[in-house]
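On a predicted model such as this, the values are computed, not experimentally measured, just so you know.
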Amino acid sequence: MNRLRLPVLSLILASGLALSTASMALAQHSHGDDKPGAGGQPGHKDDGHAHGEVAKAGSFADAAQRIAADVKAIDAALAGGSIAGVSDKANAVATLAKTMGALALAKESGVPREKVKDINLASKELAEAADNLHNIADAGDVAKSKAAFAPVKAAAAKVAALAPAMADGHDHGHSTEAAPVTHTVTVAADGGKAIEAGKAAPMVFTLKDAKGTPVKDLDTVHEKVLHLLAVSKDLSWFAHEHPTRRADGAFTIPMTFPAGGEYTLYFDFTPKGSPQQVVPVKVTATGTPKAAVPLTVDADKPKTIDGFTVALDTEGKVNAGGKAHMSFNITKDGKPVTTLRPYLGAMGHLVIISQDGTQFVHAHPHEGGEHGAGGHDAHGGHGAGGADAKKDDHGGHGGAAPKAAVQTGGPKVDFEAHFKEPGTYKAWGQFNVGTTEKERVLTVPFTFTVEKGAVGAAPANTVCPITADAADAKITRDFKGQAVAFHDAASAAKWDVMSDTDRMSKFVAAIAASSAKGGHDGDDAMPVGVDADEERALYLTPGGIYTEADIKANGSVTAGEKFKGKMAKHDMKPKAGDKICPITMTKANPKFTWIIGGKTYEFCCPPCIDEYVLLAKTSPKEVLDPSEYVKK
C-alpha cells in the first residue's frame, strides 16, 4: 500500500459538491458574523465573509503552477454552470499572485531579471481581478462571475506567457513520465577527434528542435539549464555533469571515459514553452574495454562510503505501473546526519536507469525536501565521471553569503518514482554532505528489482482527472489500490507531482464526471493491488486512538481483506440526513464500516478507510465523532 499523506478532509468537486471541514492547508471560507461563536473566521471584516490561510508557495514555479491549476478549475466550474469553490479558488489565486513579484526575485527562481518588472505588473493585475471575482462569486451569481472571470483568465495568461514552462507545470521536483522526445542532441569531440578512453576529451553538444534548429532558450531547472547524466553500458560508471554554454549556443565540457566501450549520455533539459526533454545519445570510446560488471541486487544492504552509511528503504516490493517511495537514510559513525545541505536546489537527486538503458528517471525529494529561497549559492559543475560510488569536492562559490539561514536536512530524504516496465534497475542517490562554502556530493549506488505489476481492474474513471478530456485506459497510475487513467503522458506527469490531498480531490471529481458522461454506473470493483505488508502494518498495529480493541472488533483483518471483491459506489450527491464518507464527503455505503476509537464509521470505499485509520493513528485530534459525518 502506498504511503498516505493526511489529512485529506476536504474536496471541492467539479460536479458542484461543496464540502466542509476543509484542510488547514486550503483556504477556508465562512459567511456571516465575524464574532466568536458565529461560525465565522477573522478575515475580510469589511464585507462580512472570511477566508482562512492560503498555503504559502515555496517558489515562483510553485505559485505559477498552483495559479494555473486554480484558474483552470474555476474555468471548468463556471463552464459547467457551477459556482461551487469559485470564491475560494479566486481568493487563493489573488493571494498567490501578490507574492509572485518577491518570488521572482529569488536567485533560484529561474526568472530572468529583465522579466521581473513585467511579472510584477501582470501579477498585480491578476491579484486585483481575482479579488474582484472572489467578491462577486460570494454572491452566488454565475453570470456575473463568468464576466468577472474573463479578466482573471487574461491576466493569468500574461503571467503564464512570462514564465510558460513554470506555469504549464513542468516541475522537476519529483520523478515524472517524460513527454515525447521531440528534440535531438548532436555529440562530438572538439575538433572531430576520436574519443579515447582515459584521456580528457573536450565534448561539444548542440541541442536542436524538431526542425533541426539549434535551441538557445532554455528554462533553468534545479539551478541549471542542462543536466547531463552519463553511464557505461554495464552501469558500473556514472557521472552527473553540467556543461558550459558557449557563445554560439552549443555546450561543452571535458569528459574522461574510464575504458573503451559504449556509453549513453542522457541530456535532461526544458526548452522555453515546451515539455521537459530527456534525450539519450550513445557514444563509443576507443581503447581497452573492461570486463562487464554484472548487476547484483543490493538495495537491501546499507552502503558505507567515506564514513557515511546510507540505507535505502523501498517500503516493500517495487511494482511496475504504480508509484514507489524510496527513502534514503544517512548516518555517520552510527549517528543520524542532520546537516545535509541543498545540492542544485534540492536536498538530493536520484537518477535511476534500467539495465537495458531504455527506462530513465531523474527524481528529486518528495514534499518538503525541496530547497526554498535563500541559503544556497549556485554552484559550478562537478568533476567528470569517476567511480561508481564517489564523492565530489567542489570549491567555494563566489558572492556574498546569503542572509537567510542555511537550510539543512536529513537524515532521511524521500523520493517518489514511477516505473513503466519491470526489470533490474540501478539508482544513484546524490547528497551534499559538505557545507555551503564547500560542497561534497556523496553519490551512492543501489541496484533493485521492479516486479511486474499485478493486473488489476479497469481504471475507475473514463474522464481524465487533470484535463477533463477522455482518459486513455493504457496510461494509468495506481492510487491507493485503484487504477486512475489519464488523457496523455503530460497529464499523468502533472498528477505525479501533486500531493495526495489534491490527487484524492481530482480522483473523486473524475469519477463523478465519468458517471455523468455514462462512463461508469458508479459501481467500481475494488482492485487488490495494495502492498499486503504495509496494509497489515497499518491495520493490525494500534496507534493514536486506534486501539487493540478496535483491531479485534474489526476482525483482526485489513479493509482490503474484509471487503475484497465488493463493489464501491460513489454517490456524489448525498441528500440531507445521509451519512457521508469522512474522506470524500460523498454518500457513505453502509457495507463499508470500520470501528475506530470504539465508534463505527461508514465510508464510500476501502481506500478511504485506509486514509481514516492512518489519520486516527497520526492525527487523532482531527478525527470527529461519526455524528459529524451527516449531510446537513
Side-chain angles (χ1 to χ4, degrees), residues 58-59 106-108 172-173 220-224 226-230 237-244 253-256 268 302-312 326-351 362-366 368-415 427-446:
S59 65
K107 181 182 294 185
E108 55 277 352
H172 298 249
T220 298
V221 178
H222 283 278
E223 300 184 353
K224 299 294 177 181
L226 175 62
H227 294 262
L228 169 59
L229 296 309
W237 178 87
F238 166 83
H240 181 173
E241 308 295 346
H242 304 97
T244 302
I253 192 171
M255 296 187 70
T256 302
D268 186 345
K303 299 283 185 72
T304 299
I305 301 169
D306 293 324
F308 292 91
T309 299
V310 183
L312 171 61
M326 309 187 77
S327 178
F328 290 79
N329 189 67
I330 305 170
T331 60
K332 185 177 177 63
D333 299 326
K335 298 179 181 179
V337 174
T338 58
T339 55
L340 295 180
R341 299 296 172 85
Y343 167 52
L344 295 175
M347 277 300 169
H349 288 255
L350 179 62
V351 175
H362 186 183
H364 302 99
H366 192 68
E370 290 298 306
H371 166 48
H376 181 60
D377 289 332
H379 73 276
H382 55 276
D388 187 48
K390 67 180 186 298
K391 181 176 64 180
D392 296 322
D393 290 343
H394 300 258
H397 306 299
K403 295 180 180 180
V406 176
Q407 183 183 356
T408 58
K412 289 183 64 177
V413 183
D414 296 322
F415 298 85
W428 294 267
Q430 294 191 291
F431 312 95
N432 177 17
V433 295
T435 65
T436 302
E437 293 72 25
K438 188 175 183 180
E439 289 183 338
R440 298 169 61 202
V441 179
L442 184 72
T443 300
V444 188
F446 285 98

What's the verdict on side-chain contact (heavy atoms from CB on, under 4.5 Å) for Leu340 and Val433, showing C-alpha distance, side-chain angles and the deciding distance? CA-CA 5 Å; Leu340 295 180; Val433 295; 3.8 Å; yes
Side-chain heavy atoms of Leu442 within contact of Ile305, under 4.5 Å: yes
Mind checking the CG-OG1 spacing from Asn432 to Thr408? Nearest 0.5 Å is all I need. 11.5 Å
d(Leu350 CG, Asp414 CG) to nearest 0.5 Å is 11.5 Å
Start with the C-alpha gap between Phe446 and Phe328, add the side-chain angles, then the distance that decides, and say whether side-chain contact (heavy atoms from CB on, under 4.5 Å) holds. CA-CA 11 Å; Phe446 285 98; Phe328 290 79; 3.8 Å; yes
For the residue pair Glu439 and Pro342, what are the closest heavy atoms and their distance? OE2-O, 3.6 Å
State, yes or no, whether a side-chain contact exists between Pro411 and Thr338 at a heavy-atom distance under 4.5 Å. yes
Pairing residues for Pro243 by the side chain to side chain contact (heavy atoms under 4.5 Å, CB included) criterion, not counting sequence neighbours: Phe205, Leu226, Leu228, Phe251, Ile253
Can you sort out the partners of Ala230 under side chain to side chain contact (heavy atoms under 4.5 Å, CB included), two or more places apart, ordered by chain and number? Trp237, Ala239, Met255, Leu265
Minimal heavy-atom distance between Gly348 and Pro365, with the atoms involved, is O-CD, 3.1 Å
How many angstroms lie between atom NE2 of His349 and atom CZ of Phe415, to the nearest 0.5 angstrom? 8.0 Å
Would a distance-only check, ignoring hydrogens and angles, find a side-chain to backbone donor-acceptor pair under 3.5 Å from His222 to Leu344? yes
Rounded distance (nearest 0.5 Å) linking atom CD1 of Ile330 with atom NZ of Lys303: 13.5 Å
Should the pair His227 and His240 be assigned to parallel (<30°), tilted (30 to 60°) or perpendicular (>60°) ring geometry? tilted
Residue list, side chain to side chain contact (heavy atoms under 4.5 Å, CB included) with Thr309, at least two apart or on another chain: Pro302, Thr304, Thr331
Rounded to the nearest 0.5 Å, what separates atom CZ in Phe308 from atom CG in Asp333? 9.0 Å
Might you point out which heavy atoms bring Gly434 and Arg341 nearest each other, and give the distance in Å? O-CG, 3.7 Å
